[in-house]
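Worksheet: one structure, shown below.
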Amino acid sequence: MSRVDLAFACAQARLQARYGDRPSATVWSHAEASGDLATLLQFVRGTALARWTGRLGEKPRVHFIESRLRAEWQRDVAEVAGWQPPPWRATIEWLCWLPYLPPLQKLARGGHPQSWMRDDPILGPVVARGPQDRAAALGGTDLEPLAAAFRPDADVAGAWVGHWRSLWPGPRRAREPLDALREATARHEEHLARLPDETRSRDAAAAFRGRLQLFFRQHPLSPTAAVAYLGLVGLDLARLRGLLAVRALREESVVST
């Protein structure tokens with residue numbers, strides 16, 4: 001075993017433990033069968049999903065749910081990054097901005113901001129500027145590498161990927177699996193964009209979950225394992241977000257009528 005591999009040994013042990021603690025198919029089945037928001041929250045707080053729902057309160061509104069889950073994602077990314085050998089930490093830390101890419105893309109192209117963006121700690125300073133000045137709001141922040149993408153033909157996701165790849169240190173053999181995982185993710189997103197039907201989208205997510213699990217198993221003791229694991233976390237959070245948001249919106253619509 002090489003010195004590089006040994007540097008990832010502690011991280012891999014922690015990732016394996018977290019990987020084994022992920023919610024089972026039975027947990028997801030019971031969660032999906034929960035009729036209302038209170039019942040769902042009560043159930044998930046006794047499962048592996050509890051670590052993401054403990055800060056939600058009893059009757060969270062949909063925008064608060066989404067804000068909290070973005071924060072939980074960033075917390076998980078920071079934790080996993082802290083397990084990595086120092087040269088690879090920035091690579092993992094950059095993943096924390098993934099949930100913000102769609103709204104940043106909209107703002108980069110001059111789109112009208114949604115009300116929740118004004119209260120968001122990341123998007124608020126960007127929204128506070130006029131469309132022509134939004135790129136300047138990223139100056140001096142962790143998101144400054146995305147500022148150049150703020151134009152009418154914006155490709156914020158592309159700028160994010162470009163900067164992410166610039167953070168990869170180490171030998172070529174450590175970088176190649178990451179590139180393969182990046183390409184698999186891009187293909188999944190392109191495929192998903194063509195699937196408006198919820199059932200087909202769920203099938204595509206399940207297939208991608210299998211691909212991530214394969215990357216996790218095939219590339220232990222490497223940064224690819226950390227990225228694949230966080231990809232699985234992202235899928236779980238997206239699934240949980242869907243369950244919570246649907247029920248919260250349903251209850252908010254009842255209250256408003």
Side-chain angles (χ1 to χ4, degrees), residues 52 55-56 60-82 84 86-170 175 178-179 181-183 185-190 192-193 223 226-227 230-231 233-235 237-238 241-242 245 249:
W52 294 325
R55 299 172 179 84
L56 286 179
R61 297 180 69 84
V62 66
H63 290 318
F64 181 73
I65 290 170
E66 295 188 339
S67 174
R68 281 307 325 160
L69 293 184
R70 285 193 296 273
E72 295 296 339
W73 163 256
Q74 293 190 316
R75 186 171 63 86
D76 275 18
V77 170
E79 183 177 41
V80 172
Q84 307 305 304
W88 282 99
R89 288 176 185 167
T91 297
I92 306 303
E93 288 170 347
W94 188 240
L95 298 171
C96 78
W97 303 116
L98 286 174
Y100 283 100
L101 297 187
L104 284 170
Q105 173 84 354
K106 178 177 181 177
L107 295 174
R109 292 182 173 178
H112 184 72
Q114 296 174 283
S115 59
W116 65 268
M117 296 181 186
R118 303 183 189 282
D119 299 324
D120 185 88
I122 305 302
L123 300 176
V126 182
V127 170
R129 305 285 190 100
Q132 302 302 318
D133 299 322
R134 287 171 179 169
L138 302 182
T141 74
D142 291 338
L143 289 173
E144 187 170 7
L146 304 182
F150 272 59
R151 54 180 187 264
D153 61 343
D155 182 9
V156 172
W160 181 93
V161 169
H163 182 67
W164 187 50
R165 296 185 79 247
S166 77
L167 297 173
W168 298 356
R175 300 164 62 96
L178 278 178
D179 250 335
L181 179 51
R182 175 188 60 80
E183 291 171 2
T185 302
R187 288 194 299 270
H188 166 69
E189 291 176 346
E190 291 170 1
L192 202 60
V227 177
L230 286 170
V233 169
L235 289 177
L237 280 169
R241 170 188 173 273
L249 286 170

Tell me, please, which residues at least two apart from Thr91 pass side-chain contact (heavy atoms from CB on, under 4.5 Å).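 side-chain contact (heavy atoms from CB on, under 4.5 Å) list for Thr91, sorted by chain: Trp88, Trp164, Leu167, Trp168, Pro169.
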Residues in side-chain contact (heavy atoms from CB on, under 4.5 Å) contact with Ser166, at least two apart in sequence or another chain: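 In terms of side-chain contact (heavy atoms from CB on, under 4.5 Å), with neighbours along the sequence ignored, Ser166 is linked to His163.
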Once you round to the nearest 0.5 Å, how far does [atom1] of [X] lie from [atom2] of [Y]?
X	Y	atom1	atom2	value
Glu93	Gln84	CD	CD	10.0 Å
Asp76	Leu237	CG	CG	6.5 Å
Leu178	Arg175	CG	CZ	8.5 Å
Leu249	Ile65	CG	CD1	8.0 Å

Are the side chains of [Y] and [X] in contact, using a 4.5 Å heavy-atom criterion?
X	Y	answer
Gln74	Trp97	yes
Pro103	Met117	yes
Leu104	Leu143	yes

Can any side-chain N or O of [X] pair as donor or acceptor with the backbone N or O of [Y] at less than 3.5 Å?
X	Y	result
Glu79	Arg75	no
Thr185	Leu181	yes
Trp73	Val233	no
Gln105	Val156	yes

Residue pairs involving residues 152-166 (criterion salt bridge (Lys or Arg N to Asp or Glu O under 4.0 Å); sequence neighbours excluded):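 Applying salt bridge (Lys or Arg N to Asp or Glu O under 4.0 Å) to every pair that reaches into residues 152-166, excluding sequence neighbours, yields Arg151-Asp153, Arg165-Asp179.
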Qualifying salt bridge (Lys or Arg N to Asp or Glu O under 4.0 Å) pairs with a residue from residues 106-116, counting only residues at least two apart or across chains: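 Checked against salt bridge (Lys or Arg N to Asp or Glu O under 4.0 Å) - neighbours excluded - no pair reaches residues 106-116.
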What are the two closest non-hydrogen atoms of [X] and [Y], and how far apart are they?
X	Y	result
Asp142	Pro145	O-CD, 3.4 Å
Ala245	Val62	CB-CG2, 3.7 Å
Arg134	Leu107	NH1-O, 3.0 Å
Phe150	Ala108	CD2-CA, 3.5 Å
Leu56	Phe64	O-CE2, 3.5 Å

Pair up each side-chain donor or acceptor in residues 120-133 with any protein partner under 3.5 Å, not counting sequence neighbours, and list the distances.
{"from": "Asp120", "atom 1": "OD1", "to": "Arg70", "atom 2": "NH2", "distance (Å)": "3.3"}
{"from": "Asp120", "atom 1": "OD1", "to": "Tyr100", "atom 2": "OH", "distance (Å)": "3.1"}
{"from": "Asp120", "atom 1": "OD2", "to": "Tyr100", "atom 2": "OH", "distance (Å)": "3.2"}
{"from": "Asp120", "atom 1": "OD2", "to": "Ile122", "atom 2": "N", "distance (Å)": "2.8"}
{"from": "Asp120", "atom 1": "OD2", "to": "Leu123", "atom 2": "N", "distance (Å)": "3.0"}

With sequence neighbours left out, which residue pairs that include part of residues 110-119 fulfil the side-chain hydrogen bond (donor to acceptor under 3.5 Å, both in side chains) condition?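 side-chain hydrogen bond (donor to acceptor under 3.5 Å, both in side chains) check on residues 110-119 returns Gln114-Trp116.
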